[in-house]
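The structure under discussion appears below in the form of C-alpha cells.
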Amino acid sequence: MRATSQAQPNIALIKYWGKRDAGRNLPAVGSLSVTLESLWTRMTVSFPADARADALTVNGRPDAGMLPRVSACLDDLLGVGRRSAVVDSDCNFPIAAGLASSASAFAALVVAASHAAGLTTGTLDLARAAGRASGSAARSLYGGLVELEVGEDDIRLVQRAVPSDWPLRVVVAVTERGPKPVGSTEGMTRSAATSPFYSDWVARQGEDLAIARAAVAARDFEQLAAVSEHNCLKMHSVMWTSRPPIVYWNRSTVGCMEAVRDLQRAGHGVFFTIDAGPQVKAVCLPESETAVREALGAVVGVQDILRTGLGDGARLVQPG
Ligand code: DP6
C-alpha cells in the first residue's frame with residue numbers, strides 16, 4: 001500500500017492553451033512537448049488503514065492549497081470510495097513559476113497512487129487521469145518528444161522520439177522565483193472568452209503540429225525552431241489580447257529572447273519558448289549549450305540557469 005514514483009516536467013514546443021470541455025479538462029488543441037531529465041518531482045503515496053483524511057506535504061511542508069486538486073485526482077483515479085492517502089512530494093525546481101511543476105506532480109501522483117492501490121493501470125489511462133487533473137501532466141507520462149492528440153472524447157499520447165533519438169538540450173533562464181500572477185486554468189478560460197485571436201489560435205494549431213511532427217521525424221532543428229517560436233508567440237498573443245490582459249513576461253524575459261536572437265545570428269542551433277510564467281526555455285543542440293548558458297546567464301535579471309537533456313516518462317522508483 002505504498003509506492004514512490006518520479007516524473008519530470010515537460011516543456012511544450014507546440015502549446016496547449018484552451019479547453020474544449022472544462023468539466024473533463026479536455027484540451028481545445030493538441031500539443032507537442034519535450035520531457036526533461038534533471039528536473040524532477042518524487043512522490044510517495046500510501047493508504048494507511050488509520051488515515052482519516054488525505055494529507056499532502058510538498059518539500060516536507062503541509063500544502064493545503066494543492067490538496068484539493070490532489071484529492072480530486074485520486075478520486076478520479078481510484079473512485080470516491082477509496083481510502084485516505086498520505087502523499088509526500090519533493091521537487092528539485094521552483095514550483096508554480098511556469099516550470100511545469102503541476103505536470104510532473106500529477107504524472108508522479110497517478111503512477112505512485114495506482115501502484116500503491118494495487119492497480120495495474122496502463123500508461124495511456126494513467127496519462128488520461130493525469131491530464132484530467134492538469135492537461136500538460138498527461139505528456140509527462142512519456143519521455144522524449146511527445147505529442148498529445150485530442151480526439152472526440154479523450155486524449156491520446158504518441159511518443160514521437162525517445163531521448164536518445166535526438167539528444168537536444170534545454171537551458172532554462174529563471175527570471176523570477178515567485179508564483180505566477182494568473183494560473184493556467186483561469187488564464188485559458190479568460191482567453192477563450194475574450195481574446196479576438198482565440199478562435200484562430202485553435203483553428204490553426206493543426207498546421208503547426210504537422211510542421212513540428214515532420215521536423216521531429218526528419219530531425220530538422222531549424223524547422224522545429226521556427227514553428228516552435230511561432231507557436232509560442234501566437235499563444236502569448238492570445239494571452240496579451242485577453243481582457244484583462246495576461247502578461248507573463250518581464251524585462252529579463254525579453255532580454256533572454258534577444259539573447260537567443262543574437263545566438264541564432266551567430267549561427268547557433270537554439271530557439272526559445274515561454275509558458276505561463278516569465279522563465280525562458282532555450283532548446284538547443286548540444287554543441288551550442290555552453291554558448292547558450294553563458295549568453296542567458298549574462299542577461300540582466302536572470303537569477304538562475306538550469307540545464308537539462310531530455311528524459312524518460314513517469315515511473316516507479318525506490319524510495320530514497
Ligand atoms: C502554457 O496544464 O497547467 O504551459 O490543464 O488548466 O492545469 P490545466 O493547465 P496546464 O497548462 C499548461 C499551459 C502551458 C502550455 C503547455 O504546457 O502546453
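Indexing begins at 1, ligand by ligand and atom by atom, following the structure's order.
A donor-acceptor pair under 3.5 Å is formed between the side chain of Arg219 and the backbone N or O of Asp165. Checked by atom type and distance alone, the side chain of Gln6 never pairs as donor or acceptor with a backbone atom of Arg315 at under 3.5 Å.
For residues 43-59, the salt bridge (charged side-chain N to carboxylate O under 4.0 Å, His left out) pairs, not counting sequence neighbours, are Asp54-Arg82. Among residues at least two apart or in separate chains, side chain to side chain donor-acceptor pair (under 3.5 Å) pairs with a member in residues 203-215 are Glu147-Arg213, Arg204-Glu207, Gln205-Asn231, Asp208-Asn231, Asp208-Lys234.
In this view, Phe271 and Phe221 satisfy the ring-ring contact (aromatic ring centres under 6.0 Å, His included) rule, not counting sequence neighbours.
Tyr142 is not listed as a side-chain neighbour of Asp312, based on a closest heavy-atom distance of 4.5 Å or more.
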Between ligand 1 and the protein, which N/O pairs fall short of 3.5 Å?
| residue | atom | partner | partner atom | Å |
| --- | --- | --- | --- | --- |
| ligand 1 | 2 (O) | Ser134 | OG | 3.2 |
| ligand 1 | 2 (O) | Gly135 | N | 3.4 |
| ligand 1 | 2 (O) | Ser136 | N | 2.8 |
| ligand 1 | 2 (O) | Ser136 | OG | 2.6 |
| ligand 1 | 3 (O) | Ser184 | OG | 3.3 |
| ligand 1 | 5 (O) | Tyr16 | OH | 2.6 |
| ligand 1 | 5 (O) | Lys19 | NZ | 3.1 |
| ligand 1 | 5 (O) | Asn25 | ND2 | 3.1 |
| ligand 1 | 5 (O) | Gly135 | N | 2.6 |
| ligand 1 | 6 (O) | Lys19 | NZ | 2.6 |
| ligand 1 | 6 (O) | Thr185 | OG1 | 2.6 |
| ligand 1 | 7 (O) | Ser134 | OG | 2.7 |
| ligand 1 | 17 (O) | Arg139 | NH2 | 2.8 |
| ligand 1 | 18 (O) | Tyr16 | N | 2.9 |
| ligand 1 | 18 (O) | Arg139 | NH1 | 3.0 |
| ligand 1 | 18 (O) | Arg139 | NH2 | 3.2 |

